[in-house]
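Working notes, structure below.
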Amino acid sequence: MPVLEAAPRLLDAMFTHGGVTLRLTEVEAYDGADDPGSHAHRGRTERNKVMFGPPGHLYVYFTYGMHHCCNVSCGPEGSASAILLRAGEVVDGLDVARSRRPNSSDRDLARGPGRLCKVLGIDSGDDGLDLRESLRLGRPLDEVSTGPRVGLRLAADRPWRFWITSDPTVSRYVSAKPRTR
DNA sequence: GTGGGGATTTACT
DNA sequence: GTAAATCCCCACA
């Protein structure tokens with residue numbers, strides 16, 4: 001399935017990892033074939049090799065010296081496309097989730113890509129994980145919004161961010177912070 | 001071997 | 001609003 005079709009299908013999907021279940025509310029599509037914003041744009045490397053592999057696997061990367069972000073690889077093998085999981089609502093394993101982010105309100109537990117990985121207990125060791133057992137798609141939604149991607153320097157204007165309209169757990173970093181130059 | 005930058009979060013003023 | 005935290009990866013020499 002092409003990444004731009006698959007991304008909205010992940011909304012409202014159930015993702016279980018590390019004893020916590022999340023209902024996904026916000027994702028972003030990355031298409032390495034012709035996408036300057038993707039890690040895969042400059043070809044296959046040791047870090048992004050999972051994106052070049054078969055669909056349905058977890059691509060985990062470490063950034064800013066302290067955060068992990070996770071993606072679902074997508075499309076036919078070799079296409080290097082992936083979908084970043086940006087936010088979700090904790091629907092099971094709330095006690096575990098709270099213990100991983102002690103000073104957070106329930107609503108903010110997985111509100112952002114770094115936070116999402118934290119509450120699920122995802123780190124580099126989960127890179128390449130097969131998601132067959134842990135990701136359950138829901139029915140296609142009507143209430144889906146799209147808009148520009150967040151936090152990228154390049155090609156941030158492509159409307160490849162998808163979220164569930166009006167959902168309170170969607171991250172509010174809508175207006176990208178201007179980068180100093 | 002080295003250097004610049006990053007798909008972010010948090011705290012502080 | 002702005003700044004600091006913090007380290008791995010990749011490109012280049």
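Residue numbers start from 1 in every chain, and the chains themselves are labelled A, B, ... in the order their sequence lines are given, proteins ahead of strands.
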Exercise. Atom OG1 in T146(A), atom CH2 in W160(A): separation rounded to 0.5 Å?
Worked result: 12.5 Å

Exercise. Would a 4.5 Å heavy-atom cut-off, applied to side chains only, mark R161(A) and L84(A) as touching?
Worked result: no

Exercise. Which of these nucleotides, dT9(B), dC9(C), dC7(C), is closest to any side-chain atom of R47(A)?
Worked result: dC9(C)

Exercise. Looking at dT10(B), dA7(B), dC10(C), which one has an atom nearest to any side-chain atom of E46(A)?
Worked result: dC10(C)

Exercise. Is the phosphate of dC9(C), meaning OP1 or OP2, less than 4.0 Å from a side-chain N or O of R42(A)?
Worked result: no

Exercise. Taking only Watson-Crick and G-U wobble pairs with both distances under 3.5 Å, what dot-bracket line describes DNA chain C, where [ ] shows pairs that cross earlier ones and | shows pairs with another strand?
Worked result: |||||.||||||.

Exercise. Between D127(A) (CG) and dC8(C) (C1'), how many Å, whole number?
Worked result: 13 Å

Problem set entry | Atom pair distance, as rounded to whole Å: CG in L58(A) and C1' in dA7(B) | 14 Å

Problem set entry | Side chain of L152(A) - closest among dT8(B), dC8(C), dA7(B) | dA7(B)

Exercise. Does a side-chain heavy-atom distance below 4.5 Å link Y61(A) with N71(A)?
Worked result: yes

Exercise. Rounding to a whole Å, what distance do you find between H68(A):NE2 and dT9(B):P?
Worked result: 13 Å

Exercise. Atom OH of Y64(A) and atom C1' of dT10(B): how far apart are they, to the nearest Å?
Worked result: 14 Å

For this session: Report yes if a donor N or O on one partner sits less than 3.5 Å from an acceptor N or O on the other, where the partners are the side chain of Y61(A) and the base of dA7(B); otherwise report no.
Result: yes

Seminar exercise, completed: Shortest non-hydrogen pair, D123(A) vs H68(A), comes out as CB-NE2, 3.6 Å

Exercise. Can you tell me how far P of dC9(C) sits from CZ of R44(A), to the nearest Å?
Worked result: 16 Å

Exercise. Should Y30(A) and R149(A) count as side-chain neighbours, where that means a heavy-atom distance under 4.5 Å?
Worked result: yes

Exercise. Does some side-chain heavy atom of R115(A) sit less than 4.5 Å from a side-chain heavy atom of V119(A)?
Worked result: no

Problem set entry | Of R111(A), R107(A), E89(A), the residue whose pairing with P168(A) passes side-chain contact (heavy atoms from CB on, under 4.5 Å) | R107(A)

For this session: Work out which heavy atom in P113(A) is nearest to a heavy atom in C69(A); give both atom names and the distance.
Result: CB-SG, 3.9 Å

Exercise. Within the pair H39(A) and dC9(C), is there a side-chain N or O less than 4.0 Å away from OP1 or OP2?
Worked result: no

Exercise. Counting side-chain heavy atoms from C-beta on, which of dT10(B), dC7(C), dA7(B) comes nearest to R101(A)?
Worked result: dT10(B)

Seminar exercise, completed: Against the side chain of M66(A), the closest entry in dA7(B), dC10(C), dA5(C) is dA5(C)

Problem set entry | Rounded distance (Å) that lies between atom C1' of dT6(C) and atom CZ of F62(A) | 7 Å

For this session: Kindly say if T45(A) contacts the phosphate of dC10(C), meaning a side-chain N or O under 4.0 Å from OP1 or OP2.
Result: yes

For this session: Answer with base, sugar-phosphate or nothing: what part of the nucleic acid does N103(A) contact at a heavy-atom distance below 4.0 Å?
Result: nothing

Problem set entry | d(NE2, H41(A); P, dC10(C)) in whole Å | 16 Å

Exercise. Do L154(A) and H41(A) come close enough that some side-chain heavy atom pair is under 4.5 Å?
Worked result: no

Residues 1-15 of chain A, side-chain donor-acceptor partners within the protein, below 3.5 Å, at least two apart:
from   : atom 1 : to      : atom 2 : distance (Å)
R9(A)  : NH2    : G138(A) : O      : 3.3
D12(A) : OD1    : R23(A)  : NH1    : 2.8

Exercise. Do any of residues 11-34 of chain A sit with a heavy atom less than 4.0 Å from DNA chain B, and if so which?
Worked result: Y30(A)

Exercise. Please give, in whole Å, the distance from dT8(B) P to R161(A) CZ?
Worked result: 11 Å

Exercise. Does a nitrogen or oxygen in the side chain of R111(A) sit under 4.0 Å from OP1 or OP2 of dT9(B)?
Worked result: no

